[in-house]
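Notes to accompany the following structure.
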Amino acid sequence: MSFLGEDYLLETDAARELYDEIADLPIVDAHTHVDVAEIVENDGWNDIWEVEAATDHYVWALMRNCGVDEELITGDAPNREKWNALAEVFPRFAGNPTYEWVHLDLQRRFGIEKSISADTADEIWTETRTQLADDDMRPQQLLEAMNVEIVGSTDDPTDDLEYHERAAEEVSGVDIVPTWRADRAVKIDRPEWIAFVDELESATGISADEFDGFCEALAATHDYFDERGCRASDLGIEQPTSRPVSERRARDVFRTGLAGGSLSEREIGDFQAFLLEFVGELNAEKGWVTQLHIGPVRNYRDDLFDRLGPAAGGDISTGDVELADSLEHFVNRFDGETEMVLYTIDPTHYPTIATMARVFPNVTIGPAWWFNDSPFGMEHQLEYVGTVDLLSQHAGMVSDSRKLLSYGSRFEMFRRSLSNVVGKQVDRGQIPMDVARDLVERLAYERPNELYGF
C-alpha cells in the first residue's frame, strides 16, 4: 500500500466502497479554534511554517520531544530556520497522527508527494511558498476547495463577535458560527477570574460586582451570541461538578471570590455546580447544545507555562476523574431538555459516557478528542460506542483545530477510519451494505447537522 494512497486506512473492499460514498461530502465542523479574523481578512500566509506549525501545539510538543530548542519552536527564530528544524526531526514523528496530517496537507492541498526530511526541506519550503502566493491558497478559497460548509469557532462570552458579523456579510459558501465558551466564568479559583468579571461588566454595561448582576450579564452575552447564530455552549473542565446549590450559597461564594478571599474546595465546587446548571437553563431555553470537554490537566509542566503561558502543549490526560456521581444531577436535571455532548480526554472514561448516552437519549458521545483523534483512537472509540450505545447517534467529527488546513486532513482521516470500522462489520456479516452506507453518510454529515440544528 502506498503512503497516504487510495487505500490509506482502508483494509477491505467494503471499506473502500463506503469511503467512496462519503469522501466528498461537505465538512460540518462544529468545534474548532479557528481564527475568524484570518478568514475574513483573507490575506493568506507567507510560508509553510505559518500554515502547519505556527499555531499547532501538537507539532510543538513533538519537536520538544525530539530535542529541538524552544527558540526554533515558539521563539523568535526566522520561520525558515523553524521549518528546517521541524523537517530535520519530522521522520521521527512517524506513527504519530501529526506525521500523517501534515503530509496529507502537502499531498491534498499542495500536490507535493515528497516526504518531509532534512533532504527535502528546502524544496518543500520553496514550492509551498510559491503556491501560497496564489489567490487560490487564501483562507476563503481553501475552505471552498475543502468543501467546508460549517465552522464552529470557540469564543469567550466577552468577545464582541465583530468578525463573525463581517463573515456573515463578506464570506460566501461557509457559515462561521460562534460557540459560547464559559470557562473563565466558572473557574472562580483561577487568578484571572476577577479580571473576567471586570471584562464582563465592560462588555455588557451591566454591573457585575454583585452576583445577580454577574448572572444577568452572563445571560446578556448568551442572548448576544444567540442573535449571531450560536448553537452551542462549551465548557472545558478537569473535574465536572453538579449538585443542587442554592442561589444564596452561590452568592456568598461569589462575594468571597470577588473580594480575593480564600475558597475551600467545597465552595469552588458549589459555585461551579450552580453555574453549570445556570448555563444548562439558558441553553434549554434557546435549544442550544451543551458541550463539556472533560478531563485535561492544564499547564502540567510548570516551566513551560511560566515561559509561554496556556495552550503551549503542556497539558496531560488523567484517568483520575469521576463522572457518574459528578454528572448525575445535571443529566437528570436536563433529561430531555437540552442536547449534551460529552468529550472525555481519557479513553478509560468511554464506558461511563457510552452507558450514560444509552440511558439518556439527549446525551451524545463527542468525537475521540485530543490525544485520541488518531486512526487508532477513533476506530477504538467507534467500535466501542457501536457495541454499547448506538453508533448512529455518535456526534460525528470535529477537527478541534487551530489551523485551517487541518480541516480537510482531519476529516479525511476520520471518514477513512469510520469506513474501515463499518466496512469490517460488513465483511464479517454484521451489517448489510445498504445499511452501512446510510450509517457512514449519517455520521459523516447528517448527524452533526441534526445534533446542532445547523
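Note that the structure is predicted; figures quoted are calculated from it, not measured.
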#### Entry: Any pair counted as salt bridge (charged side-chain N to carboxylate O under 4.0 Å, His left out), so long as it reaches residues 336-365, sequence neighbours left out
Arg333-Glu337
### Query
For the side chain of Thr352 and the backbone of Leu323, is there at least one donor-acceptor N/O pair under 3.5 Å apart?
no
### Query
Residues two or more places apart in sequence or in another chain: which of them pass salt bridge (Lys or Arg N to Asp or Glu O under 4.0 Å) with Glu210?
Arg255
#### Entry: Leu382 versus Phe414, closest heavy-atom pair with distance
CD1-CE1, 4.2 Å
### Message
Angle between ring planes, Phe330 versus Phe334, binned at 30° and 60°: parallel, tilted or perpendicular?
### Response
tilted
### Salt bridge flag under 4.0 Å for residues Arg402 and Asp35
no
### Message
As a quick check of understanding, evaluate side chain to side chain contact (heavy atoms under 4.5 Å, CB included) for Val151 and Val174, giving each step before the final call.
### Response
CA-CA 7 Å; Val151 175; Val174 58; 4.0 Å; yes
### Task
With sequence neighbours excluded, tell me which residues meet side chain to side chain contact (heavy atoms under 4.5 Å, CB included) with Ala219.
Phe278, Leu282
### Message
Working to the nearest 0.5 angstrom, can you tell me the gap between Met433 CE and Gln425 CD?
### Response
12.0 Å
#### Entry: Qualifying residues under salt bridge (Lys or Arg N to Asp or Glu O under 4.0 Å), relative to Glu165, sequence neighbours excluded
Arg228
### Task
Would you name the heavy atoms of Ala357 and Ile365 that are closest together and state the gap between them?
CB-CG1, 4.1 Å
### Task
List the steps, then state whether side chain to side chain contact (heavy atoms under 4.5 Å, CB included) holds for Val186 with Leu235.
CA-CA 9 Å; Val186 171; Leu235 180 63; 4.0 Å; yes
### Message
Using a 3.5 Å distance criterion without hydrogens, assess whether the side chain of His380 forms a donor-acceptor pair with backbone atoms of Phe376.
### Response
no
### Any donor-acceptor N/O pair, Lys403 side chain to Glu52 backbone, under 3.5 Å
yes
#### Entry: Phe360: partners by ring-ring contact (aromatic ring centres under 6.0 Å, His included), with sequence neighbours left out
none
For residues 265-272, which side-chain donor-acceptor pairs fall under 3.5 Å, sequence neighbours excluded?
| residue | atom | partner | partner atom | Å |
| --- | --- | --- | --- | --- |
| Arg266 | NE | Asp270 | OD1 | 3.4 |
| Glu267 | OE1 | Ser264 | N | 2.8 |
| Glu267 | OE1 | Ser264 | OG | 3.4 |
| Asp270 | OD1 | Arg243 | NE | 2.7 |
| Asp270 | OD1 | Arg243 | NH2 | 2.9 |
| Asp270 | OD2 | Arg249 | NE | 2.8 |
| Asp270 | OD2 | Arg249 | NH2 | 3.0 |

### Query
Side chain of Glu38, backbone of Glu41: donor and acceptor closer than 3.5 Å?
no
### Message
Check the orientation of His31 and His293. Use parallel for under 30°, tilted for 30 to 60°, and perpendicular for over 60°.
### Response
tilted
### Task
Check the surroundings of atom CG in Asp320: do more than 12 heavy atoms from other residues, nucleotides or ligands lie under 6.0 Å from it?
no
### Query
Is the gap between the ring centers of Trp101 and Tyr58 under 6.0 Å?
yes
#### Entry: Test applied, side-chain hydrogen bond (donor to acceptor under 3.5 Å, both in side chains); reference residue, Trp180; option that passes from Asp155, Thr221, Asp159, Asn283
Thr221
### Under the salt bridge (Lys or Arg N to Asp or Glu O under 4.0 Å) test, residues paired with Arg415 that sit two or more places apart
none
### Task
Determine which pairs satisfy salt bridge (charged side-chain N to carboxylate O under 4.0 Å, His left out) with at least one residue from residues 11-25, sequence neighbours left out, and list them in order.
Asp7-Arg16, Glu11-Lys424, Asp13-Arg16, Glu17-Arg437, Glu21-Arg437
### From Leu18, Leu443, Leu9, residue fulfilling side-chain contact (heavy atoms from CB on, under 4.5 Å) relative to Leu418
Leu443
### Message
When you measure from the side chain of Gln381 to the backbone of Ala368, do you find a donor-acceptor pair of N or O atoms at a distance under 3.5 Å?
### Response
yes
#### Entry: Where Ser399 and Asp29 come nearest, the two heavy atoms and their spacing
OG-OD2, 2.6 Å
### Query
How would you list all residue pairs meeting side chain to side chain donor-acceptor pair (under 3.5 Å) that involve residues 188-205, not counting sequence neighbours?
Arg184-Glu199
### Message
Treating Asp156 as the side-chain partner and Ala182 as the backbone partner, does any N or O pair qualify as donor plus acceptor under 3.5 Å?
### Response
no
### Task
Identify the heavy atoms of Ala395 and Leu451 that sit nearest to each other, and give their distance.
CB-CD2, 4.0 Å
### Task
Answer with yes or no after comparing the ring centroid distance for Phe254 and Phe211 against a 6.0 Å cut-off, counting only values under it.
yes
#### Entry: Nearest non-hydrogen partners of Met137 and Leu132, listed with the distance
CB-CA, 4.0 Å
#### Entry: Minimum-distance pair of heavy atoms, taken over all atoms of Ser233 and Val279
OG-CG1, 3.8 Å
### Task
Verify, without hydrogens or angle tests, whether Trp60 (side chain) and Ala53 (backbone) share a donor-acceptor contact under 3.5 angstrom.
yes
### Message
Could you work out, with side chain to side chain donor-acceptor pair (under 3.5 Å) as the rule, every residue matching Thr98, not counting sequence neighbours?
### Response
Asn96
### Query
Got a donor-acceptor contact below 3.5 angstrom from the Gln140 side chain to the Ile39 backbone?
yes
### Message
Looking at Val321, is its backbone amide N or carbonyl O close enough to the side chain of His349 to form a donor-acceptor pair, meaning the two atoms are under 3.5 Å apart?
### Response
yes
### Contacts of type salt bridge (Lys or Arg N to Asp or Glu O under 4.0 Å), residue Asp212, not counting sequence neighbours
Arg251
### Qualifying salt bridge (charged side-chain N to carboxylate O under 4.0 Å, His left out) pairs with a residue from residues 362-375, counting only residues at least two apart or across chains
Asp373-Arg410
### Message
Centre-to-centre under 6.0 Å for Tyr445 and Phe454, is that the case here?
### Response
no
### Message
Using modelled atom types and a 3.5 Å cut-off, is there a donor and acceptor pairing between side-chain atoms of Arg447 and backbone atoms of Arg442?
### Response
no
